[in-house]
Undergrad: 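Pasting a structure below so you can have a look.
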Amino acid sequence: MDALFPTYARWDLTVESAEGAIIVDNTGKKYLDFVSGIAVCNLGHRHPDVVRAVEEQLKKYWHVSNLFKSDIQQEVAEKLVTNSDLDAVFFCNSGAEANEAALKLARKYTQKSKIITFKQSFHGRTLGTMAATGQEKIHSGFGPLLQEFVYLPYNDCEALEQAMDDSVAAVMVEVVQGEGGVIPGTEEFLKKIEELCSLHGSLFIIDEVQTGIGRTGKAFAHQHFNLSPDIITLAKGLGNGLPVGAMLGKEKLKEAFGPGSHGSTFGGNPISLAAAKATLAIIFQEEFLAEVEEKGAYLKAELSNALANHDLIEGVRGSGLLLGIACKEEVAAPITALRENGLLTLPAGPNVIRLLPPLTVTYEQIDEAVKLIKETLVAEFIR
Ligand SMILES: *Cc1c(COP(=O)(O)O)cnc(C)c1O
């Protein structure tokens, strides 16, 4: 470990193997995984269809560059646009890169540079997406920041009305703020962004890096509200564990991203895209998505019940299988205790325990998790 930069506060856990919703560590201890690689392994670890697709691609070819035509990129792009209101796809390798592409495209298409984002948002760690992120702790020490971002309070329609004018290139927003505390955007707020963007010639960009690919029970979270963004960005769940990101945009934007305007050596790598193709073939089925919504509602209701009389718990919120237990105290210690008791969870902000089970989680596993959470939180918070 000493030869690594200490950029991550790592857990005391080394994985030996993983399958479905179960992780086994190097001592043989089993964990129920409600992290899913941070909303990445949405079909669980090593889903057989994804394994098969990747193995087949490994035997064909690995990498040739984007100077070649690519059937697999065309197929995955087709699948993404037919399941959304968008028309064109640019492939990259991560969420930050997808957002970088969106920010560059917004500048080029609108010829404007002011971008509105929101407090507690998270959009990535590159210079551009770090500046887009509305959290001081993420900017700290890395200034001067890229110009010019304006951070508004989330879910505040009035602040938005006041800030919007024709100088705004784009508004970038998460439908549910993930890292920022599992905070769902209101329908009124999200619709107001769409309306004001269209009024002022600004692009409406939705960061679906965490909420996309079935996580909330729709292919993309903005589909809960019938929104029609100009751009959406994807990554995390797209390759079920292989690195791939994507920016999807409307037809009118194609002209601004012509040959030579933007690119990525590894973007749309065929092995990652083989994984994406197999992943989307399962997740974008109506019955699969309906089940995610049902399981999410069940987990939320069971948790709310189990924690109802707990003084230090504010409530359970979120959408689909992106849920947060909002607490009145810091959650670092309870999350460590949950891990020791066999359940892997994540923080979101200082006071929220975030749950991101694989979308293939069983009802039995959900019941087991609720039981562990109830027992652990009662013991942890009432010391
Ligand atoms: C994780 C995340 C990102 C950054 O993705 P990386 O792949 O880590 O660059 C951007 N936006 C949101 C909403 C995220 O959750």
Side-chain angles (χ1 to χ4, degrees), residues 5 7-9 35-42 90-106 115-135 137-139 142 146 149 151 154-155 170-185 190 193 204-216 218 220-222 227 229 231-248 264 266-269 272-273 275-276 279 318-324 345-349 352 354-356:
F5 271 104
T7 43
Y8 307 102
V35 172
S36 305
I38 317 188
V40 167
C41 302
N42 284 358
F90 173 82
F91 286 113
C92 52
N93 309 285
S94 68
E97 281 181 54
N99 286 335
E100 281 287 334
L103 296 171
K104 281 181 72 177
L105 181 56
I115 307 224
I116 290 179
T117 63
F118 298 93
K119 295 188 174 149
Q120 312 98 226
S121 62
F122 184 77
H123 299 297
R125 300 283 196 165
T126 60
L127 280 168
T129 61
M130 170 184 74
T133 294
Q135 297 188 48
K137 70 166 203 258
I138 285 181
H139 301 160
F142 295 113
L146 181 76
F149 289 93
Y151 315 107
Y154 191 64
N155 279 336
V171 178
M172 182 185 253
V173 67
E174 295 157 88
V175 177
V176 180
Q177 289 189 324
E179 305 298 315
V182 191
I183 305 165
L190 295 165
I193 297 176
F204 179 22
I205 304 173
I206 299 192
D207 179 342
E208 292 252 19
V209 170
Q210 186 153 165
T211 53
I213 321 295
R215 178 51 60 185
T216 70
K218 298 273 185 212
F220 309 108
H222 71 270
L227 299 166
I231 293 175
I232 69 169
T233 54
L234 304 172
K236 293 198 166 94
L238 182 54
N240 210 60
L242 287 193
V244 54
M247 179 199 65
L248 280 59
S264 163
F266 286 130
N269 171 276
S272 293
L273 281 200
T279 301
S319 180
L321 288 170
L322 164 53
L323 293 177
T345 63
L346 279 176
V352 179
R354 182 169 30 152
L355 305 177
L356 293 162

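What you are looking at is a predicted structure, and each value in this text was computed from that prediction instead of being measured. When a ligand or atom number is given, it counts from 1 through the structure's own listing order.
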Undergrad: Could you tell me which non-hydrogen atom of A101 sits nearest to which non-hydrogen atom of M247, and how far apart they are?
TA: C-SD, 3.6 Å
Undergrad: If you compare all heavy atoms of S36 against all heavy atoms of L356, which two are closest, and at what distance to 0.1 Å?
TA: OG-O, 2.7 Å
Undergrad: Could you tell me whether A235 and ligand 1 have an N or O pair separated by under 3.5 Å?
TA: no
Undergrad: What atoms in ligand 1 come closer than 4.0 Å to a heavy atom of S94?
TA: 7 (O), 9 (O)
Undergrad: Does any part of the side chain of T279, heavy atoms only, come nearer than 4.5 Å to the side chain of L238, both counted from C-beta?
TA: no
Undergrad: If we count only non-hydrogen protein atoms and require a distance under 4.0 Å, does atom 7 (O) of ligand 1 qualify as touching the protein?
TA: yes
Undergrad: Where is the tightest heavy-atom contact between I38 and K236, given as atom of each residue plus distance?
TA: O-CD, 3.1 Å
Undergrad: List the closest protein heavy-atom neighbour of atom 9 (O) of ligand 1: residue, atom name, distance to the nearest 0.1 Å.
TA: A96 N, 2.8 Å
Undergrad: Considering both backbone and side-chain atoms of Q210, is one of its nitrogen or oxygen atoms within less than 3.5 Å of a nitrogen or oxygen in ligand 1?
TA: yes
Undergrad: Can you give me the closest heavy-atom contact between Q135 and F122, atom names plus distance?
TA: NE2-CB, 4.1 Å
Undergrad: If you compare all heavy atoms of L190 against all heavy atoms of E174, which two are closest, and at what distance to 0.1 Å?
TA: CD2-O, 4.5 Å
Undergrad: Indicate yes or no: does an N/O atom of F122 lie under 3.5 Å from an N/O atom of ligand 1?
TA: yes
Undergrad: With heavy atoms under 4.0 Å as the rule, classify the contact between T211 and ligand 1 as side chain, backbone, both or neither.
TA: neither
Undergrad: Looking only at heavy atoms, what is the nearest atom pair of A221 and T211, with distance?
TA: CB-CB, 3.6 Å
Undergrad: Nearest 0.5 angstrom please: K119 NZ to Q177 CD, how far?
TA: 11.5 Å
Undergrad: Can you find an N/O atom of V209 closer than 3.5 Å to an N/O atom of ligand 1?
TA: no
Undergrad: Please state which protein non-hydrogen atom is closest to atom 5 (O) of ligand 1 and give its distance, to 0.1 Å?
TA: G95 CA, 3.3 Å
Undergrad: Considering the heavy atoms of D207, write down every atom of ligand 1 situated less than 4.0 Å from one of them.
TA: 10 (C), 11 (N), 12 (C), 13 (C)
Undergrad: Backbone, side chain, both or neither: what part of K236 comes under 4.0 angstrom of ligand 1, heavy atoms only?
TA: side chain
Undergrad: Is the gap between the ring centers of Y151 and H139 under 6.0 Å?
TA: yes
Undergrad: Using a 4.0 Å heavy-atom cut-off, which part of R125 comes near ligand 1: side chain, backbone, both, or neither?
TA: neither
Undergrad: Within a distance under 4.0 Å of any heavy atom of N99, pick out the atoms of ligand 1 and give their elements.
TA: 10 (C), 11 (N)
